[in-house]
Amino acid sequence: MDNLSKEILGSWIQAIGTVIAAIGSTPSNVISSDLLYDLDIWGNVLQATGNALQADDQGKIPLLVRIGNEVQSIGNVTVFAGLVIDFEQETEQKLIITGNWLQALGALVLVGDELEKETIADQSINIIGNLLQVIGNSLQALSGVYELEQVRNKYKDFKNLEKHINSESLKVSGSWIQAVGSVISLIGQIIVEEKKIN
């Protein structure tokens with residue numbers, strides 16, 4: 001597989017993964033909680049795989065692009081570990097928070113790479129897509145911080161219920177913002193790669 005098709009395939013897999021993870025993070029009366037949990041896990045696996053494919057091109061991409069995709073992939077693997085490994089609840093939550101911050105950092109590095117280039121319209125699509133991923137992952141991490149506080153306090157008062165509702169809203173919003181950003185980045189990547197061919 002050549003580097004161009006590997007990068008496009010990685011972008012597709014990452015975008016599909018973010019949408020699947022967003023569905024898994026969204027409470028539903030139709031989909032069982034077990035299936036939502038599985039979707040969240042598989043979405044993170046796909047994201048990690050997609051980012052790894054984008055980073056793996058034998059050194060022909062800029063260093064910041066490689067680092068950004070590698071950090072995002074590590075973030076997804078960290079979230080995956082928090083979801084599937086049977087740690088104490090607080091440790092699981094810390095892994096999920098850390099993984100989301102790493103994904104946000106990786107996307108921010110990709111924004112930095114785009115800003116280094118000469119400004120063209122196609123790069124603005126990638127900048128917007130990556131910034132949305134930064135925002136989405138940051139909201140998910142903040143949601144995790146609220147959930148961690150609940151795990152530590154375990155109070156049943158109204159204030160804690162309100163924080164639970166806020167953390168759930170942040171998680172769902174962040175997941176979907178990340179998914180939209182990932183799809184926008186995919187579109188931008190396709191446009192840029194098509195122009196390289198022509």
Side-chain angles (χ1 to χ4, degrees), residues 3-26 28 36-57 61-62 64-80 82-83 96-115 117 121-144 169-195:
N3 293 329
L4 176 61
S5 55
K6 193 185 292 186
E7 196 166 346
I8 294 293
L9 177 63
S11 295
W12 271 103
I13 291 172
Q14 182 198 13
I16 291 167
T18 57
V19 172
I20 289 172
I23 293 168
S25 296
T26 307
S28 172
L36 289 174
Y37 175 75
D38 290 343
L39 289 172
D40 198 10
I41 289 171
W42 281 107
N44 277 285
V45 169
L46 288 171
Q47 289 175 67
T49 304
N51 283 314
L53 278 171
Q54 291 175 65
D56 178 38
D57 78 338
I61 58 173
L64 285 179
V65 173
R66 179 186 304 271
I67 291 170
N69 283 309
E70 287 173 349
V71 170
Q72 282 186 310
S73 187
I74 291 167
N76 285 112
V77 171
T78 306
V79 170
F80 173 78
L83 290 171
I96 293 169
I97 293 165
T98 302
N100 280 311
W101 283 128
L102 285 170
Q103 289 177 68
L105 176 62
L108 193 58
V109 169
L110 293 172
V111 170
D113 174 70
E114 293 295 335
L115 292 175
K117 299 174 184 172
D122 303 336
Q123 290 165 329
S124 64
I125 293 172
N126 285 329
I127 291 169
I128 291 167
N130 283 311
L131 280 175
L132 286 173
Q133 290 182 70
V134 170
I135 293 166
N137 282 119
S138 298
L139 289 174
Q140 291 174 74
L142 189 57
S143 165
S169 298
L170 284 174
K171 181 179 178 182
V172 172
S173 300
S175 294
W176 284 104
I177 290 169
Q178 180 192 6
V180 168
S182 183
V183 170
I184 290 171
S185 292
L186 167 64
I187 293 166
Q189 189 66 39
I190 291 170
I191 291 170
V192 168
E193 298 305 333
E194 282 180 353
K195 288 196 173 183

_What's the separation between atom CD1 in I125 and atom CD in E114, rounded to the nearest 0.5 Å?_
10.5 Å

*asked:* Please find the pair of heavy atoms, one from T78 and one from I74, that lie closest to each other, and give the distance.
replied: OG1-O, 2.7 Å

*Minimum-distance pair of heavy atoms, taken over all atoms of D113 and P62*: OD1-CB, 3.6 Å

*Indicate the atoms forming the closest heavy-atom contact of L102 with G75, along with that distance.*
CB-CA, 3.7 Å

_Keeping D56 on the side-chain end and A52 on the backbone end, is there a donor-acceptor pair under 3.5 Å?_
no

*Point-to-point distance, once rounded to the nearest 0.5 Å, from CG of N137 to OG of S143*: 12.0 Å

*Is a donor on one side and an acceptor on the other found under 3.5 Å between the side chain of S73 and the backbone of N69?*
no

*With rounding to the nearest 0.5 Å, note down the distance linking CG in L142 to NZ in K171.*
13.5 Å

_Under 3.5 Å, is there a donor on one side chain and an acceptor on the other for Q14 and Q189?_
no

*Using a 4.5 Å cut-off on heavy atoms from C-beta on, say whether the side chain of W176 contacts that of I23.*
yes

*Pairwise distance OG1(T26) to CG(L36) - rounded to 0.5 angstrom*: 8.0 Å

*How many angstroms lie between CH2 in W42 and CG in L46, if you round to the nearest 0.5 Å?*
7.5 Å

_Side chains of V71 and V109 in contact at under 4.5 Å (non-hydrogen atoms)_ = no

*Nearest heavy-atom pair of V79 and N100: which atoms, and what distance?*
CG2-N, 3.8 Å

*Compare every heavy atom of A55 with every heavy atom of E70, then report the nearest pair and how far apart it is.*
CG-CB, 3.7 Å

*Kindly compute the distance separating OG (S185) from CD1 (I190), expressed to the nearest 0.5 Å.*
11.0 Å

_When you compare the side chains of Q72 and Q47, does any donor N or O come within less than 3.5 Å of an acceptor on the partner?_
no

*asked:* Which heavy atom of L186 sits nearest to which heavy atom of I8, and what is that distance?
replied: CD1-O, 4.4 Å

*side-chain hydrogen bond (donor to acceptor under 3.5 Å, both in side chains) with N76: which of T18, T49, N44?*
N44

*Report yes if some heavy atom in the side chain of L64 is under 4.5 Å from a heavy atom in the side chain of L110; otherwise report no.*
no

*Can you tell if the side chain of S138 reaches within under 4.5 Å of the side chain of V134, non-hydrogen atoms only?*
yes

*Polar contact flag, side-chain donor to acceptor under 3.5 angstrom, Q103-Q140*: no

